[in-house]
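Some notes on the structure that comes next.
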Amino acid sequence: MTGGDLEQRAHALLSQAAHVYRGHPRAAGRLRHTLDRFAGPLRLAVVGEARTGRSTLVNALVGEEIAPVDPATFVTYRDGTQPRAWCHPEQGRPYEVPVTRGPGGLQLGADTAMSRAVVQWPSRVLRRTELIDTPPSVPPGQILPEADAVLLLTPRIGETDLRFLGAGRGLRGPSVHPVHAMVVLTKADTHGDGLPGGLLEARRAARRRRREPAIGALCQDVVAVSPMIGHAARTLRDDEYLVIARIAALPKAEADPFLLSTDRFTAAGSLTVVDQQARIALLRRLGLGGIRLALALTRTGSTTRAELADRLHEHSGLKELQASIGELFVARRAALKARSALIVLDQILRTELLPPSPQLLAELELLMAGAHDYAEMRLLSALRSGRVELPAETALEALRLLGGAGTSLGERLGLPTEATVDDIWAAAGSSAELWREEAALGSRTPAQRRAAAVVLRSCEAILADLTVTTP
């Protein structure tokens with residue numbers, strides 16, 4: 001079953017349930033709300049305790065300073081033609097409020113009684129993905145129903161984080177597929193005493209954690225990121241680059257003693273090639289670890305603002321996170337939106353029983369049993385993390401056929417856009433035969449044979465799609 005087919009069948013099942021529950025206001029309202037959200041972008045919640053970098057990461061992903069630090073309410077950011085904002089109170093209808101932009105992000109002219117806010121902001125990023133900035137210490141039960149996918153921000157994975165991830169995986173029903181969550185290890189710039197190599201050390205630590213079966217069973221990926229450095233990279237200004245370049249031009253023996261602490265870096269008499277206020281402002285933007293990294297990159301070839309911004313973006317881990325979000329979440333938008341909608345339906349059918357409820361629940365379970373999309377997503381994650389290993393060339397083909405390079409038929413089969421129908425049929429048939437043999441190889445481990453069986457089913461789904469669409 002392809003993502004689009006899954007989405008269509010899930011929508012049809014919810015529409016059927018909405019008709020059944022039309023005389024029951026609470027259930028009918030939830031189903032209408034769920035159906036209304038089907039057509040929208042992917043809803044990605046950014047979750048974490050206070051000072052884990054949630055709002056900074058939202059700004060880094062959007063590439064603009066819009067999210068205030070640690071909001072007291074849920075704030076959803078979505079694309080629009082002009083900046084606008086709406087307050088959603090606990091009681092009553094939403095109403096529009098003034099929105100102004102200050103140095104600390106957007107400020108909403110709303111009272112403190114609102115339970116959530118929606119901000120419209122022109123952004124290419126937000127056209128495909130709505131970002132939800134959540135308050136700290138909010139229980140999973142309030143966050144998970146609002147989102148199709150979740151970024152859990154934490155300096156290190158602890159028991160509290162595992163409980164949060166586990167709360168998104170029910171004992172039965174659609175939520176048993178943990179394809180909606182990703183862990184972001186923030187504060188990556190503080191590893192290795194804040195020296196430039198610390199970011200690389202943090203990324204190695206993330207790779208080790210993502211290979212652990214207990215963690216892989218609860219999320220799709222673990223990525224180490226410095227939201228502060230990533231945000232600064234996306235929004236680096238010419239005047240900031242000039243400050244960095246002037247310090248980098250000093251002999252290392254002269255400059256490095258002032259990089260040992262924030263007090264030394266900001267002291268009135270230090271690094272006189274730039275004034276104190278410029279150094280304080282740069283420290284707020286990059287942190288001391290980020291400044292050390294920026295100086296190292298400037299000394300080794302970043303001769304323009306654009307070059308430095310690109311290398312900071314790479315080193316911060318933000319580029320890797322964006323790629324992971326794109327591959328594991330955005331490209332699978334249809335399947336993730338279907339999953340979150342079916343979780344709502346599953347809860348309603350189990351708690352608000354009507355005579356047709358058992359039949360609808362049976363149809364839901366049948367739909368999920370045939371939803372190969374989630375098996376693909378789990379295997380993509382396992383191959384990327386190294387929890388499942390295949391021979392190098394075989395692994396590359398598996399990733400492509402699973403939709404890792406795009407979910408269209410041509411992208412899965414690695415064919416150019418000008419490929420004919422005969423070319424597609426031939427490539428699909430050849431791939432199916434190859435993976436049928438791979439799934440039966442006695443020299444493979446059980447995990448490898450199970451992986452091959454998933455890829456084989458993807459090939460068979462391609463052939464089934466061709467049968468339906470080819471005259």
Side-chain angles (χ1 to χ4, degrees), residues 1-22 27-44 78 127-130 144-149 172-177 179-180 326-350 356-380 401-404 406-413 421 424 428 454 457-471:
M1 184 187 301
T2 64
D5 185 34
L6 174 61
E7 188 178 34
Q8 292 167 12
R9 291 181 61 183
H11 190 280
L13 190 57
L14 260 80
S15 299
Q16 186 179 351
H19 178 74
V20 168
Y21 282 91
R22 64 190 182 280
R30 288 187 70 193
L31 290 168
R32 280 197 304 273
H33 180 58
T34 303
L35 283 165
D36 288 343
R37 295 200 305 202
F38 244 101
L42 181 82
R43 291 166 290 132
L44 179 60
R78 60 179 52 150
R127 289 176 196 168
R128 297 192 302 169
T129 308
E130 291 184 359
L144 296 174
E146 296 296 320
D148 302 311
R172 56 184 298 179
S175 60
V176 300
H177 300 279
V179 294
H180 67 295
E327 180 179 324
L328 297 176
F329 288 165
V330 178
R332 301 292 175 150
R333 166 191 169 277
L336 287 168
K337 290 183 73 64
R339 176 186 180 275
S340 57
L342 290 173
I343 288 172
V344 173
L345 178 58
D346 185 71
Q347 292 169 344
I348 291 173
L349 294 176
R350 294 181 192 278
S357 299
Q359 177 60 35
L360 288 173
L361 189 58
E363 291 182 31
L364 186 153
E365 292 174 344
L366 184 63
L367 174 59
M368 293 303 298
H372 179 61
D373 305 74
Y374 303 122
E376 282 191 337
M377 294 167 72
R378 292 298 295 155
L379 182 53
L380 272 173
L401 288 166
L402 292 167
T407 56
S408 71
L409 293 184
E411 288 167 326
R412 286 177 182 263
L413 294 170
V421 172
I424 296 172
V454 172
R457 188 173 172 190
S458 296
C459 296
E460 291 170 343
I462 292 173
L463 289 169
D465 284 346
L466 287 171
T467 302
V468 172
T469 58
T470 304

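For this chain, numbers begin at 1 and follow the sequence in order.
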Subject >> Minimum heavy-atom distance Leu463-Ala428, with the two atoms named >> reply: CD2-CB, 3.6 Å
Subject >> CG on Leu402 to CG on Leu379, rounded to 0.5 Å >> reply: 5.0 Å
Original post:
Which distance, rounded to the nearest 0.5 Å, do you find between the CG of Leu380 and the CD of Glu327?
Top reply: 5.5 Å
Subject >> Arg43 (side chain) donor-acceptor with Asp148 (main chain) under 3.5 angstrom >> reply: no
Original post:
When rounded to the nearest 0.5 angstrom, what is the spacing between CG in Asp373 and CG in Asp5?
Top reply: 8.5 Å
Original post:
Can you tell me if Gln359 uses its side chain to pair, donor with acceptor, with the backbone of Pro356 under 3.5 Å?
Top reply: no
Original post:
How close do Ala147 and Ser340 get, heavy atom to heavy atom, and via which atoms?
Top reply: O-CB, 3.9 Å
Original post:
Got a donor-acceptor contact below 3.5 angstrom from the Gln16 side chain to the Ala12 backbone?
Top reply: no
Original post:
What is the distance from atom CG of Leu366 to atom CD of Glu363, rounded to the nearest 0.5 Å?
Top reply: 8.0 Å
Original post:
Does a side-chain N-to-carboxylate-O contact under 4.0 Å join Arg78 and Glu130?
Top reply: yes
Original post:
Between Ser458 and His372, is any pair of side-chain heavy atoms under 4.5 Å apart?
Top reply: yes
**OP:** Rounded to the nearest 0.5 Å, what's the gap from CE on Met368 to CZ on Arg9? Could you check?
**Re:** 11.0 Å
**OP:** Work out which heavy atom in Leu6 is nearest to a heavy atom in Tyr374; give both atom names and the distance.
**Re:** CD2-OH, 3.4 Å
**OP:** Begin with the C-alpha distance, continue with both residues' side-chain angles, and end with the deciding distance and a verdict on side chain to side chain contact (heavy atoms under 4.5 Å, CB included) for Thr34 and Leu345.
**Re:** CA-CA 9 Å; Thr34 303; Leu345 178 58; over 6 Å; no
**OP:** Examine distances only and state if a side-chain atom of Arg339 and a backbone atom of His177 form a donor-acceptor pair shorter than 3.5 Å.
**Re:** yes
Subject >> Atom pair CG/CD1 of Leu31 and Ile348 - distance to nearest 0.5 Å >> reply: 3.5 Å
Subject >> Residues His11, Leu35; criterion side chain to side chain contact (heavy atoms under 4.5 Å, CB included); working and verdict >> reply: CA-CA 7 Å; His11 190 280; Leu35 283 165; 3.7 Å; yes
Subject >> side-chain contact (heavy atoms from CB on, under 4.5 Å) partner of Thr407, the single match among Glu376, Arg332, Arg333 >> reply: Arg332
**OP:** Indicate yes or no: at least one non-hydrogen side-chain atom of Met377 is less than 4.5 angstrom from one of Leu328.
**Re:** no
Subject >> Flag, side chain of Arg22 to backbone of His19, donor-acceptor distance under 3.5 Å >> reply: yes
Subject >> Arg37, CZ: over 12 other non-hydrogen atoms inside 6.0 angstrom >> reply: yes
Subject >> Beyond-backbone contact of Pro174 with Leu364, side-chain heavy atoms, under 4.5 angstrom >> reply: yes
Original post:
Could you go step by step and tell me if Phe38 and Leu14 meet the side chain to side chain contact (heavy atoms under 4.5 Å, CB included) rule?
Top reply: CA-CA 10 Å; Phe38 244 101; Leu14 260 80; 4.2 Å; yes
Original post:
Is there a side chain to side chain contact (heavy atoms under 4.5 Å, CB included) between Val454 and Arg457 once you walk through the steps?
Top reply: CA-CA 5 Å; Val454 172; Arg457 188 173 172 190; 5.8 Å; no
